[in-house]
Structure formats: structure tokens, C-alpha cells
Amino acid sequence: MSGYDKLTVGQHLSLEKSPITTEQLVRYAGASGDFNRIHYDEPFAKAGGFPSVIAHGMLTLGFFGELLGQFVERGAEIKRLHSRFRAVTFPGDVIRCDAEVVAVDQVAQTVELSLRACKSDGTVTVEGGATLCRK
Amino acid sequence: MSELSRYREHIGRTAPPLVLEVERGHVRRFVEAIGDTNPIYVDEPAARAAGFERIPAPPTFATALRPPDPRQGLDIDFRKVLHAEQEFVFARPIFVGDRLTVQAKIVVADVKAGRSGVMDRLVVETGACDEKGAPVYVARSTVMVRR
């Protein structure tokens with residue numbers, strides 16, 4: 001991908017992450033301060049009706065932060081980032097994040113992206129969008 | 001509307017603000033947990049090469065700056081809480097060394113019919129300002145509480 005100025009509608013970027021691990025959820029709980037036990041305490045998660053602990057939705061949104069970092073390095077600033085969490089993610093799941101340029105405003109120098117995260121079986125876990133501007 | 005939120009009396013409830021310093025090691029631990037190896041979040045020369053005067057934090061680091069929770073004391077079963085939506089609007093990036101005044105408020109408490117029945121929706125809005133009083137970001141977190 002070239003510079004921020006060269007972004008055009010239809011361009012996309014993707015990122016496939018390593019399988020989610022429970023250790024990663026514990027690290028993310030510590031770093032983010034989200035200590036809901038549903039993310040690391042198996043009996044607690046099962047009592048909530050889940051087959052195992054579940055990943056923080058914000059961890060997947062963090063993967064999009066990683067993906068958008070490729071734009072940030074090239075002179076973009078993130079103005080807005082939003083998401084809907086569609087399905088829960090479990091340890092072992094492989095998450096792929098896709099971002100596509102859906103609008104470019106040459107006057108305002110803003111770029112709109114649509115975002116989608118899927119598991120390897122195709123289940124959509126996160127849908128959202130981001131607005132970038134020139135730094 | 002036949003059902004009312006169990007939490008409707010708490011709309012507008014605001015927790016006390018907290019001043020939080022954005023610490024370099026905290027940002028590093030955060031990107032390590034995500035597995036984001038971009039050097040701009042840990043290395044000053046890399047941050048400068050990308051056009052930043054200081055080390056920036058990634059956008060979702062805003063979630064790691066936690067002021068007191070206005071939902072504290074509410075009767076919420078956290079086994080039944082699902083994070084449904086999240087939004088961040090930034091006036092500027094967060095930087096290592098920022099001292100931010102962060103404060104959270106319950107802005108929505110209503111009821112939604114979902115696939116698995118009626119759920120209570122709570123939206124918490126968190127705002128952060130820098131030492132000059134300039135806004136840095138607003139975060140909106142929507143959770144659904146299954147009944």
C-alpha cells in the first residue's frame with residue numbers, strides 16, 4: 001500500500017491473527033483493566049451459558065487498531081472507530097480482519113473504511129467502520 | 001413500550017473523574033496482549049519517523065484508561081453481560097505522557113428485544129480531556145444484559 005493520498009475506493013487490507021489463547025485473554029484483561037471473569041474463569045463462563053471462556057470483543061477491535069496502524073504509519077490519523085460485536089470468540093479461534101476503503105473525500109481529506117472480522121469458518125464476529133483524516 | 005429498563009433511574013448517573021497518566025509500559029503491555037508489533041507504540045525514533053512528536057497509543061488503548069464505573073453498585077450479573085457495540089471519536093491521538101482527566105456517565109438505559117429474549121441495554125459514555133481542558137476522545141460502550 002502506498003501513501004495516504006493514494007488511497008482509492010475499493011482498496012483493502014487484511015490481517016490474519018494467530019489463534020486466540022487463554023493466556024492472551026489474561027494478558028488483555030490485565031492490560032485493558034477488563035477483569036470480567038467470563039474472559040478467564042471457565043466455570044464462571046459455563047454458568048453464563050458459554051462452552052468456555054470468551055474473548056473480549058475489544059481484543060478483536062484491538063486487531064483492527066493493528067490493521068489501521070498501517071494507515072497511521074503513512075500519515076493518517078484515526079478520527080472515529082466503531083463496531084458491533086456479532087458473535088463471541090473462543091480460545092482457538094483464528095480471526096481475520098478486513099478493511100475496505102468505501103469513500104474518499106478529497107476536499108475534507110477524509111477516508112471511510114468498512115471493517116469486518118471473521119472466524120475461519122466464516123462466522124462474522126465484528127462489523128464496523130473507521131474514519132481517517134490527514135495527520 | 002411494555003417493558004421498562006431495570007436501570008432507568010440511573011440514566012445520567014456520573015461517576016467521579018480520575019486523572020490518569022498514559023504510561024509507556026502500560027501501552028507496551030497493551031500492544032503485546034493484542035500481538036501488535038508496530039514499533040511506533042514502543043519506540044520513540046519509530047514514532048518520530050511516522051510523524052509523531054511522542055509515542056502514540058493505539059486507538060483502542062482508550063479502553064484501558066478506566067475511570068470509576070458509573071455502573072458500580074447496580075445489580076448486574078456479569079455472566080449475562082455482552083459487549084454489543086463500541087465507538088471511539090478522537091479529537092487527537094492519545095500519547096505516552098498525556099495526563100488525561102477521564103470521566104464516565106450512563107447515557108442510555110433501555111430495553112431491547114434480541115434473539116434470546118428481552119435484554120437491558122446500557123450505554124456508558126467516557127470522555128477524556130487533556131491538561132489544557134481540550135477534549136481528546138469520547139468512547140461509547142454499549143452492553144446488553146441478558147435477563
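As a basis for the values below, the full set of heavy atoms in this structure was taken, side chains included, without hydrogen atoms, waters or symmetry mates. A, B, ... follow the sequence lines: proteins, then strands. Residue 1 opens every chain.
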Is the number of heavy atoms from other residues, nucleotides or ligands under 6.0 Å of [X] [atom1] greater than 12?
{"X": "B:Arg92", "atom1": "CZ", "result": "yes"}
{"X": "B:Lys80", "atom1": "NZ", "result": "no"}
{"X": "A:Arg80", "atom1": "CZ", "result": "yes"}

Find the distance between [atom1] ([X]) and [atom2] ([Y]) and round it off to the nearest 0.5 Å.
{"X": "A:Arg27", "Y": "B:Ile34", "atom1": "CZ", "atom2": "CD1", "result": "12.5 Å"}
{"X": "A:Glu73", "Y": "B:Phe52", "atom1": "CD", "atom2": "CZ", "result": "9.0 Å"}
{"X": "B:Asp36", "Y": "A:Leu67", "atom1": "CG", "atom2": "CG", "result": "10.0 Å"}
{"X": "A:Phe50", "Y": "B:Leu82", "atom1": "CZ", "atom2": "CG", "result": "4.5 Å"}
{"X": "A:Thr60", "Y": "B:Gln86", "atom1": "OG1", "atom2": "CD", "result": "12.5 Å"}

query = chain A heavy atoms under 4.5 Å from B:Ala91: which part of the residue, side chain, backbone, both or neither?
reply = backbone
Mark yes or no for whether [X], through its side chain, and [Y], through its backbone, hold a donor-acceptor pair below 3.5 Å.
{"X": "A:Asn36", "Y": "B:Phe78", "result": "yes"}
{"X": "B:Arg66", "Y": "A:Ser32", "result": "yes"}
{"X": "B:Arg146", "Y": "A:Gly48", "result": "yes"}

Under a 4.5 Å heavy-atom cut-off, does chain B meet the side chain of [X], its backbone, both or neither?
{"X": "A:Lys135", "answer": "side chain"}
{"X": "A:Val88", "answer": "side chain"}
{"X": "A:Asp34", "answer": "both"}

Starting from [Y], can I reach [X] by hopping between I/L/V/M/F/W/Y residues whose side chains sit under 4.5 Å apart?
{"X": "A:Leu15", "Y": "B:Phe61", "value": "yes"}
{"X": "A:Met58", "Y": "A:Phe35", "value": "no"}
{"X": "B:Ile55", "Y": "B:Phe30", "value": "yes"}
{"X": "A:Ile38", "Y": "B:Met119", "value": "no"}
{"X": "A:Leu13", "Y": "A:Leu132", "value": "yes"}

ask   = Can you name the closest pair of heavy atoms from A:Ala31 and B:Ala64 and give their distance?
value = O-CB, 3.4 Å
Closest approach of A:Ile78 to B:Pro59 (non-hydrogen atoms, all atoms of both residues) = CD1-CG, 3.6 Å
query = Within a strict 4.5 Å, meaning less than it, do heavy atoms of the A:Leu61 and B:Phe88 side chains meet?
reply = yes
message = Quick check: do A:Phe64 and B:Thr60 have side-chain heavy atoms less than 4.5 Å from each other?
response = no
ask   = Given the options B:Gly51, B:Gly35, B:Pro58, B:Ala46, which has more heavy-atom pairs under 4.5 Å with chain A than any of the others?
value = B:Gly35
query = So which of A:Gly65, A:Ser83, A:Ala45 has the biggest tally of heavy-atom pairs under 4.5 Å with chain B?
reply = A:Ser83
task = Just give me the residue among A:His82, A:Glu77, A:Lys79, A:Arg86 that pairs up with chain B most often, heavy atom to heavy atom, under 4.5 Å.
result = A:Lys79
